[in-house]
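Everything on this sheet refers to the single structure shown next.
We name chains A, B, ... by the order of the sequence lines, and we start the count at 1 in each one. Only this structure's heavy atoms are used, side chains among them; waters, hydrogens and symmetry mates stay out.
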There are 2 protein chains.
Amino acid sequence: MTGSSRPGHPRLRRTAGDRRAQLVQIGLELLPTTPVQELTIDEVARRAGISRSLLFHYFSTKREYYTAVTRAAADLLLEHLLPAPGTPAEQQVPGMLDRYVGWVETFPESHLAFVRGAGGGDPWVSEVYEETRGRLVEVALTTLDLPDDTLRRQLVLAWFAFTEDLVGSWVQEPTMTREELLALLRDVLDRLTTDDGRGR
Amino acid sequence: MTGSSRPGHPRLRRTAGDRRAQLVQIGLELLPTTPVQELTIDEVARRAGISRSLLFHYFSTKREYYTAVTRAAADLLLEHLLPAPGTPAEQQVPGMLDRYVGWVETFPESHLAFVRGAGGGDPWVSEVYEETRGRLVEVALTTLDLPDDTLRRQLVLAWFAFTEDLVGSWVQEPTMTREELLALLRDVLDRLTTDDGRGR
DNA sequence: GTAGCTTGTTGAGCGTTGCTCAGCAAGCCG
DNA sequence: CGGCTTGCTGAGCAACGCTCAACAAGCTAC
């Protein structure tokens, strides 16, 4: 029944790489509307016009599949955020922040799905999420010319959580101008990192 | 097979209230080790010594069940955090912060499960989580004698995200003293709320 | 061209899990 | 004892993740 998607076409045979890419792509398209872990093999296979079995040929487990989808989403985000090579150091963090807000403005549900899905309990997915956050912290600390010690990592990671939450709710209900938001976020980060983590 | 849990006992018949409470209790005990949504009816019923069907007699849907469990967990947390009546206003927020850190120190996995499980995609669970955060913000704003406008709510909620993240990682790897942590958190909150949300 | 190999692809089917439903039986009342 | 309420069960269905044996598309070799 799932077999030949169109009666006219005898059967379409793709290369392994193409098929994998197609399946991940379908996952990405479904991501905004469905929590990653709730993607059903049936649905994905149906959209791809293939049988369930074939999906298991490429991803030996459902978890392996949606982890791949999550990683693809994370890579898209990173690619969008990371500063273009040659950007002056002092512009890198502001630029990333600005692009981050833009990203959330453009794909609010998609972003929510990624951030939320991260916590969804599955260690594999969380790992991808943590890895992404880790790489962003690294870039931030490097370009801010700050030592990469445990304390500062913790503070910047917590600031990420702050940023994700605030930007998320700000997009839903803009309580200040975009510039004020960016200034506030940068200000909090500055104070956290230059204070050596201690108040007063 | 699941029926009479002990061969000796003919069959145990409980009142509706007792049974519900028992089932929710079992869910709470499983919560630290299992993401809420991954609780299986089979497992819970087995632990309660009843058939799967009975669980559906009390909770018409699995989601209804684990939402009840989540709500119970949230209530436990709130009960622990909310200040005792008669506490002087200026002590309420510090007290809650202190008890929050204590809670995370005592039940690290349990806390992680709650915070993480919150985002897990399910709107019902997220709602319980948001509701809990909302009530905490309300208490905070009231006792800090601050106006309860949208901007301030957003800032305090984002500060919660900051706090959850930082306390969570601090428990795993204490990069400062407990007092420094508390002071830092209070300081960030103070600056956010007294600055009217704008830096400088 | 056809034989043969590789490999993309399928269908039938199994175990688990969420959920339904008809009916049993425990305990109380008359 | 008869009858009522209601806690409770077992069989069974549909959906889903996953397996496995086998088919067939497209390439190369002769």
Go through the side-chain N and O atoms of A:T34 and A:E38 and say whether any donor and acceptor fall under 3.5 Å apart.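 Per modelled atom types, A:T34 and A:E38 side chains form no pair under 3.5 Å.
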Under 3.5 Å, is there a donor-acceptor pair linking the side chains of B:T87 and B:Q92? no
Between [atom2] of [N] and [atom1] of [X], the distance in whole Å:
X     : N      : atom1 : atom2 : result
B:D42 : D:dG10 : CG    : P     : 13 Å
B:E38 : D:dC16 : CD    : C1'   : 15 Å
B:L23 : D:dC8  : CG    : C1'   : 12 Å
A:K62 : C:dT17 : NZ    : P     : 14 Å
A:R13 : C:dG8  : CZ    : P     : 7 Å
A:F56 : D:dC18 : CZ    : P     : 5 Å
A:I50 : C:dT10 : CD1   : C1'   : 10 Å

Does [X] put a side-chain nitrogen or oxygen below 4.0 Å from OP1 or OP2 of [N]?
X     : N      : value
A:H57 : C:dG8  : yes
B:S60 : C:dC19 : no
B:R52 : D:dA11 : no
B:S53 : C:dC21 : no

Is a side-chain N or O of A:W159 found less than 3.5 angstrom from the main chain of A:L185, in a donor-acceptor match? yes
Kindly say whether A:D148 contributes a backbone atom to a donor-acceptor pair with the side chain of A:R153 at under 3.5 angstrom?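 Flag not set: sc A:R153 to bb A:D148 has no pair under 3.5 Å.
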Any base atoms under 4.0 Å from [X], or only sugar-phosphate, or nothing? Heavy atoms, all strands.
X     : value
A:I41 : sugar-phosphate
B:L55 : nothing
B:T15 : nothing
B:Y65 : nothing
A:Y58 : sugar-phosphate

Return whichever of A:L39 or B:R14 has its heavy-atom-nearest nucleotide of DNA chain D closer to the 5' end.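 Result: B:R14.
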Which dot-bracket string describes DNA chain C (Watson-Crick N1-N3 plus N6-O4 or O6-N4, or G-U N1-O2 and O6-N3, all under 3.5 Å; [ ] crossing; | other strand)? ||||||||||||||||||||||||||||||
Can you tell me how far CZ of B:R135 sits from CG of B:L82, rounded to the nearest 0.5 angstrom?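 Output value for this atom pair is 6.5 Å.
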Picking from C:dG18, C:dC19, D:dG7, which would you name as closest to the side chain of B:A16?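 Shortest atom-to-atom distance from the side chain points to D:dG7.
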I want to verify a distance call: between D:dC8, D:dC16, C:dT9, whose nearest atom is closest to the A:R19 side chain?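 Looking only at heavy atoms from C-beta outward on A:R19, the closest nucleotide is C:dT9.
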Assess whether atom CD of B:E109 is packed by more than 12 heavy atoms of other residues, nucleotides or ligands within 6.0 Å. yes
Measure the acute angle between the ring planes of A:H80 and A:W103, then classify it against the limits of 30° and 60° as parallel, tilted or perpendicular.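 Judged by the thresholds at 30° and 60°, the geometry between A:H80 and A:W103 is tilted.
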Name the orientation class of the two ring planes belonging to B:H111 and B:Y100 (parallel below 30°, tilted from 30 to 60°, perpendicular beyond 60°). perpendicular
